[in-house]
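Below: one structure, written as structure tokens.
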Amino acid sequence: MEVAIRECTINLHKRLHKTTFKKKAPKAIKEIKTFARKMMQTEDVRVDVQLNKFIWSKGVRNVPTRVRVRLHRKRNEDEEAATQFYTHVTYVKVDSFKELKTKTVDEEA
């Protein structure tokens with residue numbers, strides 16, 4: 001495993017179907033973490049503050065239907081960490097979700 005960056009669209013609507021109103025935003029965050037864990041194969045997933053604010057922007061009940069995120073697998077700097085890598089999930093602002101695919105982003109030097 002090595003350091004990698006991917007940009008993905010997560011459809012929260014289908015993941016939050018039949019969820020109680022007051023649990024929608026917290027479950028959305030859990031689903032984003034689950035998605036990142038599956039895509040990047042790391043147990044440690046950290047959600048950025050901007051992404052958290054975007055999910056909660058319309059309240060606990062009215063979560064955005066889709067969200068575009070950047071998944072960045074980074075090497076753990078902590079020496080006594082249980083895992084060697086962690087995933088940092090950040091929000092990517094887009095105008096439209098049409099024709100967007102998952103893409104690998106080159107390292108920004």
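We use all heavy atoms of the structure for the numbers below, so side chains are in, but hydrogens, waters and symmetry mates are not. These figures come from a predicted structure and were not determined experimentally.
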If you measure from [atom1] on [X] to [atom2] on [Y], what distance do you get to the nearest 0.5 Å?
X      : Y     : atom1 : atom2 : answer
Thr102 : Met39 : OG1   : CE    : 5.0 Å
Lys53  : Asp48 : NZ    : CG    : 10.5 Å
Glu31  : Lys33 : CD    : NZ    : 12.5 Å
Phe85  : Lys74 : CZ    : NZ    : 13.0 Å
Ser96  : Arg68 : OG    : CZ    : 11.0 Å

Less than 4.5 Å apart, any side-chain heavy atom of [X] and any of [Y]?
X     : Y     : answer
Tyr91 : Val67 : yes
Leu12 : Ile55 : yes
Thr90 : Leu51 : no

Minimal non-hydrogen separation, [X] against [Y], with atom names:
X     : Y     : value
Arg73 : Met40 : NE-O, 3.1 Å
Thr19 : Leu16 : OG1-O, 2.8 Å
Arg15 : Phe35 : NH2-CD1, 3.6 Å
Ala25 : Gly59 : CB-O, 4.3 Å
Lys58 : Pro64 : NZ-CA, 4.3 Å

Is the NZ atom of Lys23 crowded by more than 12 outside heavy atoms at less than 6.0 Å?
no

Does atom NZ (Lys24) have a neighbourhood of more than 12 heavy atoms from anything else shown, all under 6.0 Å?
yes

Could you walk me through whether Val3 and His72 pass the side chain to side chain contact (heavy atoms under 4.5 Å, CB included) check?
CA-CA 8 Å; Val3 176; His72 192 156; 4.1 Å; yes

Out of curiosity, does Val60 fall in the hydrophobic cluster containing Ile32 (side-chain heavy atoms, cut-off under 4.5 Å, transitive links)?
yes

Going only through I, L, V, M, F, W and Y residues with side-chain contacts under 4.5 Å, is there a path from Val69 to Phe54?
yes

Between Thr42 and Thr83, is a side chain to side chain contact (heavy atoms under 4.5 Å, CB included) present by the stated rule, with each step listed?
CA-CA 8 Å; Thr42 60; Thr83 55; over 6 Å; no

Results of side-chain contact (heavy atoms from CB on, under 4.5 Å) for Asn52 - residues two or more places apart only
Ile29, Trp56

side-chain contact (heavy atoms from CB on, under 4.5 Å) against Arg66, all qualifying residues, sequence neighbours excluded
Thr9, Asn11, Phe97

Criterion side chain to side chain contact (heavy atoms under 4.5 Å, CB included) on Thr34 and Lys38, from CA distance to verdict
CA-CA 6 Å; Thr34 306; Lys38 185 178 166 193; 5.7 Å; no

Please check: side-chain N/O of Arg70 versus main-chain N/O of Val105, any donor-acceptor pairing under 3.5 Å?
no

Is there a side chain to side chain contact (heavy atoms under 4.5 Å, CB included) between Leu71 and Val45 once you walk through the steps?
CA-CA 9 Å; Leu71 307 170; Val45 177; over 6 Å; no

